[in-house]
Structures are given as C-alpha cells and as structure tokens.
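Below you'll find the structure, written out as structure tokens, and then a few comments.
A note on names: the letters A, B, ... follow the listed sequences, proteins ahead of strands, and every chain is numbered from 1. Any value given below was found using the heavy atoms of this structure, including those in side chains, with hydrogens, waters and symmetry copies removed.
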Amino acid sequence: MIKNKIKKLAQLSYTKGELDGKKVKKIANFLSRQDLKEYIKILRELENAKKVTVIVPRLYKDKEFEKQLSGAFDGKKIIFKEEPSLITGLRVENNDLIYELSLKNTLENLNSHING
Amino acid sequence: MVNSDEIIKQLEKGLSSFKLDAKLQNVGEVESNTDGVVVASGLSKAMMGELVSFENGVIGMILNLNEDNVSIILLGDGDGIKEGEKVKATGSMLSINVSEDLIGRVINPLGEPLDGKAKPKNKGKEMPLERIAAGVVEREAVNTPLKTGIKSIDAMFPIGRGQRELIIGDRGLGKTAIAIDTIINQKNNPKEGLKPVICVYVAIGQKQSRIAQVIDKLKETGAIDYSIVMVASASEPAALQYLAPYAGVAIAEYFMEKGQDALVVYDDLTKHAWAYRQISLVLKRPAGREAYPGDIFYLHSRLLERAVKLSKELGEGSITALPIIETQGNDVSAYIPTNVISITDGQIYLEGDLFYSGIRPAINIGTSVSRVGGAAQTPTIKSVVGQMKLELAQYREMASFAQFGSELDAATAAQLDRGRRTTEILKQPQYGSLIEALEYLSIWVITNGFADDIPTEQISRFEKEYHNYIKANYPKLIATLSKGAKPDEETKKQLQKATGEFKKGFSV
C-alpha cells in the first residue's frame with residue numbers, strides 16, 4: 001500500500017482528537033506486516049506531534065510553570081518526566097526539537113569546548 | 001615547569017569563547033542504512049548539506065530532503081549504525097580547518113592527517129567546502145604566467161595564474177606526469193622573479209600505490225615543502241571521493257584570500273564523476289545519460305568556477321586549476337570529457353599514437369588549446385613562439401602530403417626537416433622541467449636554423465649540451481632571458497655568438 005494511503009488511515013484512526021482503539025484494531029487487521037509497520041510509525045509520529053515532554057531533575061507541582069509551558073506549546077499535551085542526572089534546569093522535547101537547558105548539558109558542552 | 005598563572009590564563013582564554021546559551025537540538029531517528037546512505041526521519045529543521053552526527057561519533061552530510069525523511073551520506077564507517085538510533089543535526093556545514101601548518105602534509109577531505117604525523121596544532125581558519133565562486137567584480141583577467149617547465153606547454157599552450165586548463169587523454173599517457181612536473185617546476189618561481197605558488201594535489205579514486213609514488217616524488221624533489229596532498233583513494237567511501245576536490249579548492253581559497261597564488265590539481269575528475277554517480281544512484285535520484293544524474297555538469301562547473309584571479313583590491317590572489325580527465329579509446333566526445341572541456345579555459349590533449357611513437361609529452365598540437373594563457377605569456381617566450389607555431393603548422397600539413405612519397409622541392413624538404421627537428425626538440429623527459437630562459441634557448445636555436453645541420457636523432461643531446469654550455473659560459477645571458485622582457489638586439493647578437501662558439505665544439 002502506498003505511504004499516502006497509510007497516512008490517511010492513520011489520520012482516520014482518531015476520534016475527537018484522541019486515538020480510537022477500536023478503529024486502530026479494525027485497520028490493523030487489514031494491513032500486511034510491512035504496511036502495519038509503517039502505520040505504527042505514522043501513528044507514533046502523530047502522537048509525538050501532539051505532546052511535549054518536559055524532563056526535570058525532580059518532579060514537583062508548579063501551576064504557574066505548567067501554565068507558562070501550555071502557553072508556549074499551544075494545544076499540546078505536556079508530560080513531565082523525572083531525570084535526576086540533569087542536576088538542575090530542564091530539557092524540553094518537542095517532537096524532533098530538543099531544548100537543552102540543564103546544567104548537565106552545560107557541563108558537557110564546557111568539557112568538549114575546553115578539551116576540543 | 002608551566003607557570004600556574006599561565007594555566008589559569010589559558011583556561012580563561014578558552015572560556016571567553018564559550019557560549020552559555022540554551023542549545024536547541026534537532027534530532028532524528030535512523031530508518032535504514034544501506035550502501036553508505038542513511039535514511040532518517042525527524043530532523044525537520046535540517047538544511048541541505050548540513051552535517052549530522054550519529055551516536056557512535058560518525059558524521060554524515062544531508063544530501064536529500066524529503067517530506068518525511070532525509071538521506072545522509074556517511075563520511076566514515078557506518079557499519080555500527082542501527083535502525084532506531086538517534087541522529088543529531090549539528091547546525092553547521094562541512095568545512096575544513098586550514099592553516100600554514102597543512103603545507104607538506106598528506107590529509108583526507110575531512111582534514112585528518114594520513115601521513116602518520118600529529119594533527120596540526122595551530123588552529124587555522126574554517127574554510128567551507130561548498131562556496132559560491134567569486135563574481136565578475138571581484139575578478140581580473142589572467143595576466144601572470146604559471147610556468148609548467150614543459151617547453152611545448154609554456155610555448156604553445158601557456159597557462160596563466162587563475163586559469164583552468166584541462167589535461168585529457170587515455171590512461172598511461174602521462175597526464176599525471178604533466179601535473180606533477182608543473183608542481184615540481186613551481187620551485188623555480190623565485191629564480192624567475194615570480195610569486196611562489198602553493199600546490200594542492202587532490203587524488204580522487206586512485207590506487208594507494210600510485211598516490212604513494214607521487215608523494216615520494218614530491219618529497220624527493222623538495223616540492224612537498226610548498227604542497228599539500230589531499231587523498232581520497234579508491235578504497236575510501238564514495239562520499240569522501242566526492243568531497244575531495246571541494247576540500248582541495250577550499251584549502252587553495254585560504255591561501256588565495258591571503259593574496260597568495262595556489263595551484264590545484266584534480267587527479268582525476270572522471271573518477272569524481274563516478275563517485276557522484278554512485279552516490280546519486282544510491283540516493284535514488286533520476287539517472288540520465290550514462291546513468292549520471294542531471295546535475296553532473298553543475299558538479300564540475302561549480303568546482304572549476306572557483307579557479308580565479310582576484311582583483312588588486314582583493315589582494316591579487318589566484319587559484320589555477322588543472323583538472324585531469326581520463327578518456328576511453330581517445331573518445332573526447334563522451335559525456336564527462338565534453339562537459340569539462342566546455343567548462344575549462346583550454347585543454348592539453350594527450351594522444352596514444354604520439355606517445356608510442358616516442359613523442360613525449362604526447363601532446364596533440366592540433367586539438368590542444370589555451371584560451372586565456374596567451375595574455376599571461378612573457379614577452380621573452382612570446383617573441384620566439386610565433387615562428388615556431390607557423391613552422392609546425394606548415395610541417396603538419398606538408399607531412400601528410402609527403403607521406404605519399406612524391407619528389408619534393410628543396411624548400412618543402414627544408415620545411416619538413418625543420419618541422420622534424422622542432423618536433424624533436426619539443427620532446428622532454430619526465431621530471432626534466434626547464435626554466436623559461438632554457439626553454440627560450442631551445443626554441444630560438446631551432447627556429448633560427450642553428451640546428452638544421454644536426455641529425456634529428458642527435459637533437460636531444462645537442463639541446464642538453466647547448467643548455468649546459470650557455471649556463472656555464474654565459475650566465476648573464478640566462479639572467480637577462482629570465483627577466484621576462486623581449487630580448488633586444490644586443491642579447492640576440494650575443495646569443496648568435498655563443499651558439500656559434502658552442503657549435504664549433506659540438507661533435508655530431
């Protein structure tokens with residue numbers, strides 16, 4: 001099946017902006033193994049495009065911060081994840097764009113800058 | 001012992017250029033890895049020609065931007081790159097770090113040393129591999145000679161600094177020999193009052209053994225002291241072979257920007273076209289004539305356009321290009337040869353028949369041409385070449401009639417004799433480059449009839465001994481002729497006297 005058709009099927013798998021399990025199951029039954037692979041890939045891309053992952057060193061509730069993030073990434077679902085190795089700061093993953101604002105990253109960059 | 005203050009100072013110096021800004025990264029995911037080409041999804045902000053890095057440290061360059069994915073050519077070993085692996089865009093285009101420390105070195109197109117020595121410590125300037133050539137306003141006409149030291153070329157097809165002169169011919173006819181002789185001859189520039197020339201020899205898709213021979217010869221003759229050898233041998237990935245000439249010209253541009261003169265030899269562009277064809281086919285670009293992609297002309301035209309003579313305001317630097325093309329069965333009308341012939345400012349055509357009949361360099365005088373070099377020729381050599389060209393043209397015409405065996409009148413026989421001797425004196429052994437004064441002497445002695453009584457087979461011995469005699473007994477004459485001015489009557493008289501003296505002592 002050509003890629004465009006699979007893409008269309010993936011877009012039709014949503015009901016009111018949410019992935020519909022029933023539709024996915026029905027479509028998946030008709031697809032060959034290779035087409036299914038492509039279908040899953042496109043679904044994953046569509047899902048990734050709808051969410052923004054914010055990685056912080058320690059999870060805590062800050063409504064103001066969440067509001068600011070929602071404003072920055074309009075209409076996207078914000079998911080928080082904990083990663084203590086960041087030390088401080090945060091990393092924002094918006095699909096294929098990553099905003100590195102952590103101390104860990106700064107230290108790594110400093111290291112590579114000094115050691116060439 | 002290093003002073004502690006010194007250590008702190010160095011650290012501070014290093015830190016001053018460190019940017020603390022937040023970093024935006026554009027990442028992608030490897031979808032497939034076949035034949036040196038990686039297809040990756042994501043990388044939505046990536047640019048054409050941008051460098052990307054893989055998790056294992058290998059770098060690649062983006063050559064195709066599609067709706068959902070990008071195609072990346074690998075510039076290193078891609079065996080360990082797996083599906084699903086992360087790939088990061090670096091935000092920078094491919095460049096090579098160039099400094100004076102590169103002179104005398106053997107490097108690959110990424111600037112990594114291949115001669116077993118350490119990487120140059122001096123942090124030079126990053127020169128982009130792809131750059132738009134200088135425009136018309138920045139250029140000036142070719143006006144300074146780039147002497148090859150080869151009589152027939154310097155006399156009949158002179159090359160100027162900033163020119164693009166193609167060397168074309170079948171395999172094994174001495175194309176590389178001409179280029180190497182030209183590089184070696186650049187050591188004579190200070191003697192002739194000319195600016196030194198930095199030479200870049202770019203070996204593309206060649207056998208390692210042949211490249212080693214060239215490097216040895218450059219070292220043996222001392223030419224390596226002003227040369228840089230760029231190697232992308234036949235065993236390197238096609239991507240590196242494709243990039244090699246661009247890296248070579250990027251190095252030359254560094255020196256050109258400093259007002260220096262540079263010479264780049266591309267040995268050879270046929271293999272460069274093959275490497276690009278391979279990449280294009282793997283990237284699934286539409287194939288055209290001989291399976292070459294549609295932009296094969298642009299591949300070479302944008303490279304050779306970077307050969308330039310800069311204007312006075314920009315420092316008068318220059319890049320002279322000597323591209324080499326290998327033909328199959330003397331076929332200059334094939335796709336790549338015709339492309340490069342039309343791009344360059346002339347060609348030196350080497351022919352098998354001439355080579356095997358002992359005429360070396362085997363330059364076909366009828367089909368070779370230099371379109372702009374004449375303006376760069378010195379008055380010295382110019383004053384003697386006109387007559388020789390005329391005599392050679394008459395000889396070629398008559399020789400074709402004379403082969404029918406009919407009886408010839410005395411004048412025609414004399415013309416044929418002169419032609420034979422001129423052809424003989426234009427022969428020159430490999431690595432036997434001559435300074436311009438000696439080239440002048442050889443041509444002058446023939447065109448003025450001083451060698452008419454010398455048997456043809458003795459001409460080369462006559463020439464050699466004549467050169468030695470003048471160098472030993474009339475060094476002032478050599479110095480006068482080396483100045484580049486048109487020889488005056490006094491000089492000509494002295495030459496006649498000296499030649500007469502030499503001939504008295506020359507036994508046939």
Exercise for the section: Give, for atom NZ of A:Lys3 and atom CG of B:Asp68, the distance between the pair rounded to the nearest 0.5 Å. Expected result: 4.0 Å

Exercise for the section: Sort A:Leu110 into side chain, backbone, both or neither according to what part of it lies under 4.5 angstrom from a heavy atom of chain B. Expected result: both

Exercise for the section: Just do the salt bridge (charged side-chain N to carboxylate O under 4.0 Å, His left out) check on A:Lys7 and B:Glu67 with the steps written out, would you? Expected result: CA-CA 12 Å; A:Lys7 212 170 182 178; B:Glu67 192 187 342; 3.4 Å; yes

Exercise for the section: Could you please state which residues from residues 30-53 of chain B sit under 4.5 angstrom from chain A, measuring non-hydrogen atom to non-hydrogen atom, sorted by number, or 'none'? Expected result: B:Glu31, B:Ser41, B:Gly42, B:Leu43, B:Ser44, B:Lys45

Fill in the blank from the handout: Expected contact set for residues 73-99 of chain A against chain B at heavy-atom separation under 4.5 Å reads A:Asp96, A:Leu97, A:Ile98, A:Tyr99

Problem - Residues of residues 81-89 of chain B with any heavy atom under 4.5 Å of a heavy atom in chain A - result: B:Glu83

Handout entry: Residues which pass salt bridge (Lys or Arg N to Asp or Glu O under 4.0 Å) with B:Asp115, listed by chain and number, not counting sequence neighbours
Key = B:Arg105

Handout entry: Residue B:Ile132 excluded, over 12 heavy atoms near CD1 under 6.0 Å
Key = no

